[in-house]
Asker: 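Could you have a look at this structure, given as structure tokens, before my questions?
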Protein chains: 2
Amino acid sequence: MSRWKPDARGRLEKAALELYNHQGFDATTVAEIAARAGLTERTFYRHFADKREVLFPSDNPLADTLADATAAASVTLPPLEVVAHALTEAAPILEERADLARQRRAVIAATPELQERERAKLAALASTLGHALRERGLEATTAALAAEIGIAVFNVAYERWVNDPDQHALAQLIRETLDATRHLTAPAGHAAANDGGSFTGQETGA
Amino acid sequence: MSRWKPDARGRLEKAALELYNHQGFDATTVAEIAARAGLTERTFYRHFADKREVLFPSDNPLADTLADATAAASVTLPPLEVVAHALTEAAPILEERADLARQRRAVIAATPELQERERAKLAALASTLGHALRERGLEATTAALAAEIGIAVFNVAYERWVNDPDQHALAQLIRETLDATRHLTAPAGHAAANDGGSFTGQETGA
DNA sequence: TACGGTGATGTCATAAACTGACATCAGGGT
DNA sequence: ACCCTGATGTCAGTTTATGACATCACCGTA
């Protein structure tokens, strides 16, 4: 018999998600979470920096995947294509846990404090991405811009996917959203006129 | 004689900025801030929701300006031009207080908690902008995307401006950054002429 | 086998962040 | 004169977060 039940961290994550879902983030105390996991408040804080962090698992390989895919992309690819490639590579990581993602999203959507943390995580991703782009030789401002736009695209696509997870693959939504970006930035009638493809087609129209 | 010295809120903001600058955000306690402003901790919390909020003044007319400028823009303008217009309209608001902006930035740059809040404020701006774009008849996803990109552009431009405020006007930096966005999405050289600008070479996944 | 080190957890104490309830009291209107 | 309002103070309490120290199964090694 081992001294402690296994996977304390996992139990805390599970307990937290359940309690946040059931009674709300604010109405849940860290002591409650710990108790439900059969642990102590102090132990909670040994595993997570604060009450929010428990919803943002650190074993998330997203950042690494983005960085690696960015570094690995063909040198001739234009910046935004590199970003698109990286995001597409990272998409399956999220799709694996679609149900969990929706549960987390429900809690986050109901709690400003958690939205704040989520945005911070996205910003960190943008920073990682920007760093990886600079390593490829991109000028700093361009890299930052491409990274920010990439994350914006990801954010919009992810939101669509989470709201409607059975309709489209995340990777496809990312691609569509990126195409929409191109239409937004070059809507002058010529440029991207002939691509057609799998685009959603919501031009400003009227 | 009035019972209290005037502008309690302003005094709290000033005291907080000074203390955060001098001894760091974490090492500063709310009681300290209040004392320096000649007030009480309890009163601090009557003016600001929390310790971070004191750096993000609520009288900030940025959101309103963005919304108004978006609504007022010509109906024929493509989405991103509307956003560019709105951002350009809002720029002077920030440029008026350049020195204050730099002080705030120094503190924020040194404090993850404050960066988190800053991102949240930007996200709120994006949300406002997206709403205003939808009011113009834009489809929801397109509006969200244009808003997010606009805020990304603003964020990069603002960062450049704050770092080097005497070189360029903020409005000009916004313009330049937006142009950079266009170049990113429609890479130079073949200028989107031969591949329709929607070339996505990353089918390599298979 | 005995024994000492390691590491995850518990216990305790405490600062600091917030919040609700109630008290105070100048000033402004009636 | 009177009451009412509204900004502030006082106080007590909960919750978050962290440092210091104790515990004790497990593991390797003599």
Side-chain angles (χ1 to χ4, degrees), chain A residues 1-20 22-59 107-108 110-118 120, chain B residues 1-20 22-59 107-108 110-118 120:
Chain A
M1 268 314 186
S2 83
R3 187 171 182 185
W4 299 287
K5 289 192 294 183
D7 194 21
R9 187 186 190 87
R11 269 151 50 215
L12 286 168
E13 287 173 3
K14 183 164 175 289
L17 185 57
E18 287 165 357
L19 287 172
Y20 291 170
H22 180 262
Q23 59 193 30
F25 177 84
D26 290 327
T28 303
T29 104
V30 172
E32 266 180 297
I33 299 169
R36 171 180 271 245
L39 292 166
T40 298
E41 189 179 334
R42 191 65 185 87
T43 300
F44 178 95
Y45 284 109
R46 289 209 179 86
H47 284 280
F48 306 101
D50 58 50
K51 199 184 163 187
R52 295 155 223 104
E53 199 68 14
V54 67
L55 278 183
F56 301 87
S58 63
D59 76 323
V107 181
I108 292 173
T111 317
E113 282 182 74
L114 293 173
Q115 295 164 36
E116 212 171 314
R117 180 58 53 86
E118 173 121 300
Chain B
M1 268 314 195
S2 86
R3 186 170 182 185
W4 300 286
K5 289 192 293 182
D7 195 21
R9 188 187 190 88
R11 269 149 53 214
L12 286 169
E13 287 173 1
K14 183 165 175 289
L17 186 57
E18 287 165 358
L19 287 173
Y20 291 171
H22 179 262
Q23 59 194 30
F25 177 84
D26 290 328
T28 302
T29 157
V30 172
E32 265 180 297
I33 299 170
R36 170 180 270 246
L39 293 167
T40 300
E41 189 179 338
R42 193 66 186 84
T43 299
F44 178 96
Y45 285 108
R46 289 209 180 87
H47 284 279
F48 306 100
D50 58 51
K51 198 184 164 187
R52 295 158 224 103
E53 198 67 13
V54 66
L55 279 183
F56 301 87
S58 64
D59 76 324
V107 181
I108 293 173
T111 316
E113 282 181 74
L114 293 173
Q115 295 164 36
E116 212 171 313
R117 179 58 51 86
E118 173 120 300

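Just so we're on the same page: letters track the sequence lines, and every chain starts at 1.
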Asker: Considering all heavy atoms of both residues, which atom of B:Ala34 and which atom of B:Glu41 are nearest to each other, and what is their separation?
Answerer: CB-N, 3.5 Å
Asker: Write down the distance between CZ (A:Phe44) and P (D:dT18), rounded to a whole number of angstrom.
Answerer: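 Going from A:Phe44 (CZ) to D:dT18 (P), I get 11 Å.
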Asker: Does C:dT19 have OP1 or OP2 under 4.0 Å away from a side-chain N or O of B:Tyr45?
Answerer: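 For C:dT19, neither OP1 nor OP2 has a side-chain N or O of B:Tyr45 closer than 4.0 Å.
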Asker: Both A:Arg46 and A:Val30 contact DNA chain D. Taking the nearest nucleotide for each, which residue is further toward the 5' end?
Answerer: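 Result of the comparison: A:Val30.
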Asker: Going by atom types alone, do B:Arg9 and B:Ser58 pair a side-chain donor with an acceptor below 3.5 Å?
Answerer: yes
Asker: What is the distance from CG of B:Asp26 to P of D:dG19, rounded to the nearest Å?
Answerer: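 Rounded to the whole Å, the gap is 12 Å.
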Asker: Pick the closest DNA chain D nucleotide for A:Arg42 and for A:Thr29 by heavy atoms, then say which residue is nearer the 5' end.
Answerer: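 Result: A:Thr29.
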Asker: Could you check how far CZ of A:Arg11 sits from P of C:dA8, rounded to whole Å?
Answerer: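 Value for this atom pair: 14 Å.
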Asker: Could you give the NZ-to-P distance, from A:Lys51 to C:dC18, as a whole number of Å?
Answerer: 12 Å
Asker: Check the phosphate of D:dA17 against A:Arg52, side-chain N and O only, distance under 4.0 Å to OP1 or OP2. Yes or no?
Answerer: yes
Asker: Just to be sure I understand the rule, does B:Ala8 reach a base, reach only the sugar-phosphate, or reach nothing, if contact means heavy atoms closer than 4.0 Å?
Answerer: sugar-phosphate
Asker: If you find the nucleotide of DNA chain C closest to B:Phe25 and the one closest to B:Trp4, which residue's nucleotide is nearer the 5' end?
Answerer: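 Residue closer to the 5' terminus by nearest nucleotide: B:Phe25.
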Asker: To the nearest Å, give me how far apart CG (B:Asp50) and P (D:dA17) are.
Answerer: 12 Å
Asker: How close or far is atom C1' of C:dA17 from atom CD of A:Glu113, stated in whole angstroms?
Answerer: 12 Å
Asker: Do the non-hydrogen side-chain atoms of B:Gln23 and B:Glu32 ever get within less than 4.5 Å of each other?
Answerer: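 Counting from C-beta outward, B:Gln23 and B:Glu32 do come under 4.5 Å.
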Asker: Does B:Thr43 place a side-chain N or O at less than 4.0 Å from the phosphate oxygens OP1/OP2 of D:dT8?
Answerer: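 Checking D:dT8 against B:Thr43, no side-chain N or O comes under 4.0 Å of OP1 or OP2.
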Asker: May I ask you to say whether B:Glu113 pairs ionically with B:Arg117, meaning some side-chain N is under 4.0 Å from a carboxylate O?
Answerer: no
Asker: Please report the distance, rounded to the nearest Å, between NE2 in A:His47 and C1' in C:dT9.
Answerer: 8 Å
Asker: Take atom CD of B:Glu53 and atom P of C:dT19, then tell me their distance rounded to the nearest Å.
Answerer: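 These atoms are roughly 12 Å apart.
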Asker: At what distance, to the nearest 0.5 angstrom, does CG of A:Leu17 lie from CG of A:Leu12?
Answerer: 12.5 Å
